[in-house]
Amino acid sequence: MKDWERYEQTAQYLLNEFATNFGLGTVEGKQIVPAVSGTEYEIDAKGVKIDGSGFLIVECRRRNARLDQEAVGALVYRINATGAQGGILVTPHQLQEGARKVAEHEGVYHVILDKESTTEAYVIEFLDKVIMGFHESIGVSDSVEITWIP
């Protein structure tokens, strides 16, 4: 699996775990959604509202650079073209200033997810929260020495 595919799957899993924070009942994986123009868009994930009244488009961008306002504008266009009620943009970095302003104005949530995150070991930041998950394994040997000192 490629790094960007793992990132998308991890983001979808974690957003589903924290779905209620965004007013969502569930977050589904990659899929095709129709646009009002008759075309279609492939989206990285789809957040379905708790009451089923609509959805949010999830866009994942695992890049080394911060996203600019044109990248956020493209997501806003897909939101409008598909009739989505909003979007969630998942990146490992803060947005550039213009991108942040567009996201805030258009109601796009920005989620920062470390690019090396997995479903068990992650750092995710959203809505003024930082949540960390970690996985620790413990090795077991086949002999144990116990010394009793009275």
Kindly compute the distance separating [atom1] ([X]) from [atom2] ([Y]), expressed to the nearest 0.5 Å.
{"X": "Y122", "Y": "I131", "atom1": "OH", "atom2": "CD1", "answer": "6.5 Å"}
{"X": "M1", "Y": "D3", "atom1": "CE", "atom2": "CG", "answer": "10.5 Å"}
{"X": "L75", "Y": "I43", "atom1": "CG", "atom2": "CD1", "answer": "10.0 Å"}
{"X": "R61", "Y": "N64", "atom1": "CZ", "atom2": "CG", "answer": "14.0 Å"}
{"X": "L56", "Y": "Y109", "atom1": "CG", "atom2": "OH", "answer": "6.5 Å"}
{"X": "N21", "Y": "L15", "atom1": "CG", "atom2": "CG", "answer": "10.0 Å"}

For the student: nearest non-hydrogen atoms of [X] and [Y], plus distance:
{"X": "V76", "Y": "V102", "value": "CG2-CG1, 4.2 Å"}
{"X": "T119", "Y": "L14", "value": "O-CD2, 4.3 Å"}
{"X": "A103", "Y": "L95", "value": "CB-CD1, 4.1 Å"}
{"X": "I124", "Y": "F18", "value": "CG2-CE1, 4.1 Å"}
{"X": "K115", "Y": "R62", "value": "O-NE, 3.2 Å"}
{"X": "Y41", "Y": "A35", "value": "CE1-CB, 3.7 Å"}

Should [X] and [Y] be counted in the same cluster of Ile, Leu, Val, Met, Phe, Trp and Tyr side chains packed under 4.5 Å apart?
{"X": "F134", "Y": "V130", "answer": "no"}
{"X": "V48", "Y": "F22", "answer": "no"}
{"X": "Y13", "Y": "V90", "answer": "yes"}

Quick check: does any side chain N or O of [X] sit under 3.5 Å from a backbone N or O of [Y], one acting as donor and the other as acceptor?
{"X": "Q31", "Y": "G29", "result": "yes"}
{"X": "T10", "Y": "R6", "result": "yes"}
{"X": "Y7", "Y": "L113", "result": "yes"}

For this session: In sequence, state the C-alpha distance, the side-chain angles, and the governing distance for T26 and N16, and then conclude on side-chain contact (heavy atoms from CB on, under 4.5 Å).
Result: CA-CA 6 Å; T26 186; N16 192 53; 3.2 Å; yes
For this session: Walk me through it: do L24 and I88 pass the test side-chain contact (heavy atoms from CB on, under 4.5 Å)?
Result: CA-CA 11 Å; L24 302 174; I88 301 173; 4.1 Å; yes
Problem set entry | Pairwise side chain to side chain donor-acceptor pair (under 3.5 Å) hits with a residue in residues 69-85, at least two apart |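 Of all non-adjacent pairs touching residues 69-85, those that pass side chain to side chain donor-acceptor pair (under 3.5 Å) are E59-R78.
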For this session: With sequence neighbours excluded, give me every side chain to side chain donor-acceptor pair (under 3.5 Å) pair touching residues 88-97.
Result: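 Checked against side chain to side chain donor-acceptor pair (under 3.5 Å) - neighbours excluded - the pairs reaching residues 88-97 are T91-H110, E97-R100.
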For this session: In sequence, state the C-alpha distance, the side-chain angles, and the governing distance for V72 and E106, and then conclude on side-chain contact (heavy atoms from CB on, under 4.5 Å).
Result: CA-CA 10 Å; V72 177; E106 297 294 335; over 6 Å; no
Problem set entry | Worked check of side-chain contact (heavy atoms from CB on, under 4.5 Å) between V58 and Q12 | CA-CA 8 Å; V58 177; Q12 182 267 322; over 6 Å; no
